[in-house]
Asks: 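Handing you a structure now.
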Amino acid sequence: MSTAVITDLTKHFGAELIFAGVSFRVEAHDRIGLVGPNGAGKSTLLNLLAGLLEPDAGSVAYARGIAVGYLPQIADFHPAHTLYDEMLTVFARVHAWDAELVALAARMGDPDLLAQPEEYSAVLERYADLQHQIEHAGGYTIESQIRRVLDGLGFTREQQAAPATQLSGGQQTRAALGKLLLQEPDLLLLDEPTNHLDLAALEWLEGYLTSWHGAVIVVSHDRYFLDRVTTRTIELVRARAEEYPGNYTKYLQLRGERLTRWAKEYEEQQEYIARTEEFIRRYKAGQRSKEARGRQTLLDRMERIERPPADESLKFSFGAAIQSGQTVLTTDRLIVGYDGSDRGAGLRVAVADTEVRRGERIGLLGPNGAGKTTLLRTIIGRLQPLEGRAALGHNVQIGYYAQTHENLNLRATVLDEIRRASQLSEEGARSFLGRFLFSGDDVFKPVGALSGGERSRVALAKLTLQGANFLILDEPTNHLDLPARQVLEAILAGYDGTMIFVSHDRYFVDALATKLWMLEDGAITVHDGNYTRYRLRRQQAEAVAQVQATRAAAVARTVANTATARASRSPAARTAETVEGEIGRLEADLARLERELAEASAAADVDRITTLADDYEQDKAQLVALYEEWQKLAS
């Protein structure tokens, strides 16, 4: 049975058509990724499904009793509420029942009511009904429910008691998710839930959604997230909806194949039309005029294939004006941050002594607020280090992309902003901006009036004009839709200079990084490879830690079993030669286990590592006991 049936939804904003004829079904355990370019109507569709907007045509029908939970892009918390108070608002209906119970209890104590048996009986019945409803809704365990969810989301008791509006963007997203968890809806509608989340929070959300009991429809620009969470994909494009089975990577494959077929069929039909029109033109007045008229009739009745969409992707490149020296950046006992005298709590980040070589692409990863932007601003010279130094190498020219777009003049037009950064004429600047999808009157818009994605494109356009050989990029994928992220990724992959970049887009990091700087607990550690390789090593380390935690018990159990077995044997039945044979077999078995453990660690197979480690420790403990026994027998 379907959770929801969406039929022929159509929505306009003024005279502009957002989409038309959108139809699909949502099954009970669906994981649907809603994708499409910025402005295609993804958030509008979620608002229609949540009942916050009315469609111009079509319908949204839910199965009886279905509860829907909606997470908007921006959390809306009451300024006077603590985080705990915000969670309590989920139980507003239960609180109303509680208030009614108190009023009913007061009425039942009224002597005048006791004199009216029928009315007293009705009040008593309503009181019993309310008690049952409150119990069924979990009203007597509200505090424990809230504490369990907030604790699970990583909020300390101090944060739970603090104003919700003082939380960071990522914390507010987690808090809004917490409200949804407490509602326990059958369908989750999530609009950009990955915005503002750091890597730890992203991985938590992925784990939560993959085990979610209901259905999910999610809008996200995080390809890694979509691949791990979704099993169906709906694309909103050109005011229509196209559905594909599978996650985002599968969608890209199927969409590419569909567009290839579409283009081929369109070209073949155009060639047929051209041949037919030429035949009609040549023979319409001759002996074959009847055949020509017949072909014209067939041509008039033909269902024309729509022209495939033109490629509207970004078209630009980064190139270094001059080549830097082999050493681009060195750090020496570097500590960055601020002391907190004028900014509240202080921040200190210790950077391991390192050397960045020409051509390296370094991904800087870490929790929100840990100091990533502070480190980048120190490298480019806008902040002074607290200790040590960061020194640039020979011929290094920096290009800096700020996530806040602080390098843009918000009062200038797009055209003026580009012309100030270059020697381009107006015509040349307009042609240049066309590569960044600015055309017509768009170039005369003030930068301050642009959307986040449009500002990102202006910032990237200015960056390409600098000819830098060392790019420092702070969240360059923020505000970019998925197609734009893929283009930027491909362009940066071909860049011949050096990069340090911050991004929470793990797919982007995987595609570009040759090395990672991980910022954890106030220190930078350096790791070779991309995010997937780092994650695999981390899983291996966690597996080893899990194994070590069980070793003490395993050794104690094995030693006890070995001692019991030895005590039960007859001393006369065992000789030094017998024990030597057992020792040889155990040593061979230990060598085999070591090889298998190495293979399991490389594959990050936690269950196999645990089993093999238990066997290894037991054999090792038994070997120690056999050596002791052999020494006694040999003497």
Side-chain angles (χ1 to χ4, degrees), residues 318-339 343 347-366 368-410 417 420-422 455-456 458-478 488 491-492 495-504 508-509 512-519 522-524 526:
F318 288 104
I322 60 173
Q323 190 178 70
S324 71
Q326 280 291 340
T327 300
V328 174
L329 173 72
T330 56
T331 64
D332 180 22
R333 297 187 298 276
L334 178 64
I335 297 179
V336 305
Y338 44 86
D339 59 17
R343 302 178 62 178
L347 173 72
R348 290 175 65 88
V349 176
V351 182
D353 290 354
T354 190
E355 186 177 90
V356 176
R357 308 289 288 175
R358 186 175 68 212
E360 285 189 324
R361 299 197 292 261
I362 297 170
L364 174 57
L365 308 182
N368 291 333
K372 299 185 295 295
T373 298
T374 300
L375 174 57
L376 296 187
R377 289 170 63 84
T378 303
I379 290 172
I380 66 174
R382 293 192 183 178
L383 290 176
Q384 291 299 311
L386 296 179
E387 297 178 25
R389 68 189 187 98
L392 298 176
H394 180 63
N395 276 344
V396 172
Q397 295 183 348
I398 288 178
Y400 176 56
Y401 179 98
Q403 65 167 307
T404 57
H405 300 145
E406 62 196 52
N407 296 333
L408 300 180
N409 181 354
L410 301 184
E417 189 71 359
R420 286 184 186 135
S422 68
R455 288 190 200 179
S456 295
V458 176
L460 288 170
K462 286 186 66 176
L463 193 60
T464 65
L465 293 168
Q466 296 179 23
N469 53 35
F470 185 22
L471 293 180
I472 306 290
L473 309 176
D474 195 357
E475 295 283 9
T477 57
N478 272 8
L488 178 60
I491 290 167
L492 289 174
Y495 174 61
D496 58 358
T498 309
M499 277 189 291
I500 297 179
F501 64 92
V502 173
S503 179
H504 289 159
F508 185 83
V509 176
L512 292 178
T514 58
K515 187 175 288 187
L516 295 184
W517 285 3
M518 298 302 301
L519 201 171
I524 294 281
V526 180

Asks: Are side-chain heavy atoms of Val351 and Arg333 found at a separation under 4.5 Å?
Replies: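 Val351 does not reach Arg333 side chain to side chain.
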Asks: Should Thr373 and Val502 count as side-chain neighbours, where that means a heavy-atom distance under 4.5 Å?
Replies: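 In short, these two side chains do not touch, never coming nearer than 4.5 Å.
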Asks: On a heavy-atom basis, which atom in Ile472 and which in Ile398 lie closest, and how many Å separate them?
Replies: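 In this case the closest contact between Ile472 and Ile398 is CG1-CG2, 4.0 Å.
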Asks: Once you round to the nearest 0.5 Å, how far does CG of Leu488 lie from CG of Leu473?
Replies: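 If we round to the nearest 0.5 Å, Leu488:CG and Leu473:CG are 7.5 Å apart.
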Asks: Gln466: what forms a side-chain contact (heavy atoms from CB on, under 4.5 Å) with it, not counting sequence neighbours?
Replies: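 Gln466: side-chain contact (heavy atoms from CB on, under 4.5 Å) contacts with Leu463.
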Asks: For Leu386, which residues count as a side-chain contact (heavy atoms from CB on, under 4.5 Å) partner, sequence neighbours excluded?
Replies: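 Counting only residues at least two positions away or on another chain, Leu386 forms a side-chain contact (heavy atoms from CB on, under 4.5 Å) with Ile335, Arg348.
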Asks: Could you give all pairs that pass the ring-ring contact (aromatic ring centres under 6.0 Å, His included) test and reach residues 370-407, with sequence neighbours left out?
Replies: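 For residues 370-407, and leaving out neighbouring residues, the ring-ring contact (aromatic ring centres under 6.0 Å, His included) pairs sorted by first residue read Tyr401-His405.
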Asks: For Thr331, check side-chain hydrogen bond (donor to acceptor under 3.5 Å, both in side chains) against everything at least two apart and list the hits.
Replies: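 If we apply the side-chain hydrogen bond (donor to acceptor under 3.5 Å, both in side chains) test to Thr331, skipping adjacent residues, there are no hits.
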Asks: For a 4.5 angstrom cut-off between non-hydrogen side-chain atoms, does Leu512 reach Phe501?
Replies: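 Leu512 reaches Phe501 side chain to side chain.
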Asks: Answer yes or no: is there a donor N or O on one side and an acceptor on the other, between the side chain of Thr514 and the main chain of Arg361, under 3.5 Å?
Replies: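 Answer holds: yes.
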Asks: So which atom in Gly363 and which in Ala513 form the shortest heavy-atom distance, rounded to 0.1 Å?
Replies: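 That would be N-CB, 4.1 Å.
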Asks: Check whether any side-chain heavy atom of Leu516 sits under 4.5 Å from a side-chain heavy atom of Val526, and report yes or no.
Replies: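 Of all side-chain heavy-atom pairs linking Val526 with Leu516, none is under 4.5 Å.
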Asks: Would you be so kind as to tabulate the donor-acceptor pairs closer than 3.5 Å made by side chains of residues 321-330, with sequence neighbours excluded?
Replies:
unit_1, atom_1, unit_2, atom_2, d
Gln323, OE1, Arg358, NH1, 3.3
Thr327, OG1, Arg357, NH1, 2.9

Asks: Please give me the minimum heavy-atom distance between Gly359 and Thr498, naming the atom from each residue.
Replies: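 That would be N-OG1, 3.0 Å.
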Asks: Would you give the length of the straight line joining atom CZ of Arg377 to atom CD of Gln384, rounded to the nearest 0.5 angstrom?
Replies: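 Rounded to the nearest 0.5 Å, the CZ-CD separation comes out at 12.0 Å.
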Asks: For Gly399 and Ala468, which heavy atoms make the closest approach, and how far apart are they?
Replies: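 Residues Gly399 and Ala468, closest heavy atoms: N-CB, 3.3 Å.
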Asks: Taking only residues two or more places apart in sequence, or in another chain, which ones meet Asp332 in a side-chain contact (heavy atoms from CB on, under 4.5 Å)?
Replies: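 Once residues adjacent in sequence are excluded, the partners of Asp332 under the side-chain contact (heavy atoms from CB on, under 4.5 Å) criterion are Asp353, Arg389.
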Asks: Could you tell me if the side chain of Leu408 sits less than 4.5 Å from the side chain of Arg455, heavy atoms only?
Replies: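 Yes; the side chains approach each other to less than 4.5 Å.
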Asks: Going by ring pair (Phe, Tyr, Trp, His ring centres under 6.0 Å), name the residues that satisfy it together with Phe318, two or more places apart in sequence or in a different chain.
Replies: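 Phe318: ring pair (Phe, Tyr, Trp, His ring centres under 6.0 Å) contacts with Phe316.
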Asks: If you take all heavy atoms of Thr477 and Ser503, which pair is closest and at what distance?
Replies: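 For Thr477 versus Ser503, the nearest heavy atoms are OG1-OG, 3.6 Å.
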Asks: Is any side-chain N of the basic residue among Glu417 and Lys462 closer than 4.0 Å to the acidic one's carboxylate O?
Replies: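 Salt bridge between Glu417 and Lys462, a charged N being under 4.0 Å from a carboxylate O: yes.
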Asks: Side chains of Asp496 and Asn469: does their closest heavy-atom pair fall under 4.5 Å?
Replies: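 A side-chain contact under 4.5 Å is absent here.
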Asks: Determine whether Met499 and Ile362 make a side-chain contact, defined as any pair of heavy atoms from C-beta on separated by less than 4.5 Å.
Replies: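 No, side chains not in contact.
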Asks: Who passes salt bridge (Lys or Arg N to Asp or Glu O under 4.0 Å) against Arg382, sequence neighbours left out?
Replies: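 Residues passing salt bridge (Lys or Arg N to Asp or Glu O under 4.0 Å) with Arg382: Glu406.
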Asks: Who are the ring pair (Phe, Tyr, Trp, His ring centres under 6.0 Å) partners of Phe470, not counting sequence neighbours?
Replies: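 For Phe470, no residue satisfies ring pair (Phe, Tyr, Trp, His ring centres under 6.0 Å) once neighbours in sequence are set aside.
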Asks: Are Leu364 and Leu376 packed together at the side-chain level, in the sense that at least one heavy-atom pair is separated by less than 4.5 angstrom?
Replies: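 Yes, their side chains come closer than 4.5 Å.
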Asks: Measure the spacing between CD1 of Ile500 and CG of Leu375 and express it to the nearest 0.5 Å.
Replies: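 Interatomic distance, Ile500 CD1 to Leu375 CG, rounded to 0.5 Å: 7.0 Å.
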Asks: Provide the closest heavy-atom pair for Gly371 versus Leu347 in the form atom of the first, atom of the second, distance.
Replies: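 Reported closest heavy-atom pair: CA-CD2, 3.7 Å.
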